2 protein chains.
Amino acid sequence: MQMDERKRRILRAIIDDYILTGVPVGSRTISKKYETGLSSATIRNEMSDLEELGFLDQPHVSAGRIPSAKAYRLYVDSLLQSGVIPDDSAESVLGHFSGRIHQMEDVIDHAARVLSSLTQYTAVVLSPKGMEPRLQTIQLVQISMGSALVVIVTDQGVIRDSVIRISPDVDGDTLYAISRTLTNELRGCTLSEACRMLPELIRRMEGNDEVLRGLYGYFTEGQQTPRSTHVAIGGTSNMLNYPEYSDVDKARNFLSLMETRDKLAEIVRGNGELAFTVRIGPETGVPEMADCSIVTASYSTRGGQQGTIGVIGPTRMRYSRVISILNMMGHQLTDMFTGEDEEHPDGNKG
Amino acid sequence: MQMDERKRRILRAIIDDYILTGVPVGSRTISKKYETGLSSATIRNEMSDLEELGFLDQPHVSAGRIPSAKAYRLYVDSLLQSGVIPDDSAESVLGHFSGRIHQMEDVIDHAARVLSSLTQYTAVVLSPKGMEPRLQTIQLVQISMGSALVVIVTDQGVIRDSVIRISPDVDGDTLYAISRTLTNELRGCTLSEACRMLPELIRRMEGNDEVLRGLYGYFTEGQQTPRSTHVAIGGTSNMLNYPEYSDVDKARNFLSLMETRDKLAEIVRGNGELAFTVRIGPETGVPEMADCSIVTASYSTRGGQQGTIGVIGPTRMRYSRVISILNMMGHQLTDMFTGEDEEHPDGNKG
DNA sequence: TGTTAGCACTCTTCCTGTGCGAGTGCTAAC
DNA sequence: GTTAGCACTCGCACAGGAAGAGTGCTAACA
């Protein structure tokens, strides 16, 4: 048996209807609501074929049909093939970042909120992750007698800061001198390289070894607990709006997955740095998400690192809408993270 | 009618049982499970009295009784009066902060996780909030040609950082000089005072006005969008473990309340800076939380600011356990935030 | 006077059976 | 190839009934 154009059209109608309503759709519904020009009996025959082909499932004999993961896959593929659909509400993404927000983490949090409220699904935004960051500047700032703040600037603009203890009689100027030396010596190194080089430096810069030793402890500690990527989540409770999650057990499983941010980040980040992915049901590879779909897009920062934005919803997700919103949002974030720091907004590039 | 000792004992048994099981408790249960030496009939009479006094509710005529908010209040008050109960598992709090964690936000996140996993309820931890912070150090760190990082250290140890644009030909030494001047001039000011003083400073430090202007923009912007307190939440999904929230609508309401962190912070922070509060059901003042209780404790930082840790659970919460865990955790955090920065851990306070 | 045993009564919960409606599959006619 | 018709299936909602838990009341007892 073969898929012909008519089968495709009917399948699409079924998916559309199921996405809208969430209840199994019957032959009569398709024949009446969608101008197919066919009677329900014909639709029934086609549906029977589609089921045999693996595109439809039947919860029980007298219920309608629901689309299988395979059907969604076909649907999404044809959606993507025909180009990203400009959605009615997509342009409203643009309005949501009017006020300048400086901190990257704030932007990410905000993006997650906007994304979830636009899509009405759960949104996840991951901070960029690229190659291992390389040191650019190390600066020690005195906070009080006996303690100093370490500020480390890397080429990714990622800033790690922490307080270390120093001798009370080290003053600001000394700290500045140490900072300069460290910056000169360690610029361009990765953090792990810096770790290896520090003992040597400590030997050479005797007299300030106490400061450096504190720093060393900080570095090695930072190594073993690497600052994980920032994960922002929005709209976890949205998931409860869908009958798929009216079962409390399911809801709990889902929510506790959302709480373990590391695992979640791993799942959302997925297999690669693809610009765009749609994973449907079992394709997510996570048993807890067997009836979820994950749509992700990426955005880039100045250094060329890729961040990820994603939407998690039921498999009967409004794919076209979600895809177009993610698309817009990805571009918007890329613009923010690349454009804003290079030039004044009123000037042109070049 | 009066409360006598026996009524009190029976009420306590009812509350204990209801907290344990979550189902209305009958007279027979009390008479058999708790060694009262009384028959179920007697208990019934007492229960009838307790209901008349407003301590018990009856869902329907042939169900057992459940404690009212008033009953919990009595229960908690007597609990607090008799001193904080040392709980079997409370000491395990101590183990959870073994590895040094430096960033305050990380500590707070971690505390929320630990708190929720120990109590099996939802935990909320708020960063300290005190008087308006006063500037201690301002440091400009060159990141790349044309941009610098502003690091502001306040007496609360709160660090605000952001990137500003500077002229490409300003070098690190100049930035350091500017930083020193700024620190000297502005130390001890609040942020808003600094805002007012900056124009004057810009006039005086001509030549570097471009840097300062960028800084000025940063300050004024920071003023209008004050960095809100950090809110960490843990174990939101724990709430679904309790039959009280097997209703999806209730669960959704609760969860979406958890998502609006600002509002949540306001609720948890509550009325004052009391060391310890227990708000039961309606006492929370939030309709969505009519069948929740909120227990909070506070911790202090070096500057004497108060942070808040809280646990949100069903009204039939294991109060004594929660109170003792919160108590321990509060002390632990206070120790971390005050002790650690003052002295080496191996030394005694002088 | 306080306590207890006994009993009728109430109300929920669970189970079962039944009718209804939605939807299918098949067959025969067009 | 399409469609109308019909028998059939299955879930769902609802009603009725049995079981169980728990109460309130009364009368007897220490």
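Just so you know, these numbers come straight off a predicted model, no measurement behind them. Within every chain, numbering begins at 1; the chains are lettered A, B, ... in the order of the sequence lines, protein sequences first and strands thereafter.
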**Q** Please list residues of residues 12-33 of chain A whose heavy atoms come under 4.0 Å from any atom in DNA chain C, ordered by number; otherwise none.
**A** A/Gly26, A/Ser27

**Q** Using a cut-off of strictly less than 4.0 Å, decide whether B/Arg65 has a side-chain nitrogen or oxygen near OP1 or OP2 of D/dT23.
**A** yes

**Q** Atom CD of B/Gln58 and atom C1' of D/dT23: how far apart are they, to the nearest Å?
**A** 7 Å

**Q** When you match B/Gly37 and A/Met47 each to their closest nucleotide on DNA chain C, which lands nearer the 5' end?
**A** B/Gly37

**Q** Within the 3.5 Å criterion, strictly below it, is a donor on B/Ser298 or B/Thr308 matched to an acceptor on the partner's side chain?
**A** no

**Q** Evaluate side-chain hydrogen bond (donor to acceptor under 3.5 Å, both in side chains) for B/Ser293 paired with B/Tyr319, printing each intermediate quantity in order.
**A** CA-CA 9 Å; B/Ser293 285; B/Tyr319 292 98; 2.7 Å; yes

**Q** How close or far is atom P of D/dC25 from atom CG of B/Asn45, stated in whole angstroms?
**A** 9 Å

**Q** Would you indicate, yes or no, if D/dT2 has its OP1 or OP2 atom less than 4.0 angstrom from a side-chain nitrogen or oxygen of A/Arg6?
**A** yes

**Q** Are the side chains of B/Tyr34 and B/Ile10 in touch, meaning some heavy atoms are under 4.5 Å apart?
**A** no

**Q** Could you list, one pair per line, each protein nitrogen or oxygen that sits under 3.5 Å from a nitrogen or oxygen of nucleotides 11-17 of chain C, together with the distance?
**A**
unit_1 : atom_1 : unit_2  : atom_2 : d
C/dC11 : O2     : B/Ser62 : OG     : 2.8

**Q** Step by step, would you call B/Glu288 with B/Lys250 a salt bridge (Lys or Arg N to Asp or Glu O under 4.0 Å)?
**A** CA-CA 8 Å; B/Glu288 292 97 320; B/Lys250 265 192 182 175; over 6 Å; no

**Q** Which is true for B/Ala63 with a 4.0 Å heavy-atom rule: it touches a base, it touches only sugar-phosphate, or it touches nothing?
**A** sugar-phosphate

**Q** What is the separation between atom CG on B/Asp49 and atom P on D/dC25, rounded to the nearest whole Å?
**A** 12 Å

**Q** In degrees, rounded to 10°, what is the bend between the two ends of the helix from C/dT1-D/dA30 to C/dC30-D/dG1, using five pairs at each?
**A** 20°

**Q** If I take atom CG in residue B/Leu56 and atom C1' in nucleotide D/dG22, what distance separates them, rounded to the nearest angstrom?
**A** 14 Å

**Q** Does the side chain of A/Ser31 come within less than 4.5 Å of A/Leu38's, by heavy atoms?
**A** no

**Q** Go through D/dT3, D/dG24, C/dA5 for me and flag the one nearest to the A/Ser39 side chain.
**A** D/dT3

**Q** What distance do A/Leu53 atom CG and A/Glu51 atom CD have between them, rounded to the nearest 0.5 Å?
**A** 10.5 Å

**Q** Nearest 0.5 Å please: distance from the CD1 atom of B/Ile325 over to the CZ atom of B/Arg318.
**A** 8.0 Å

**Q** Counting only side-chain heavy atoms from C-beta out, which of C/dT4, D/dG24, C/dG25 sits nearest to B/Thr42?
**A** C/dT4

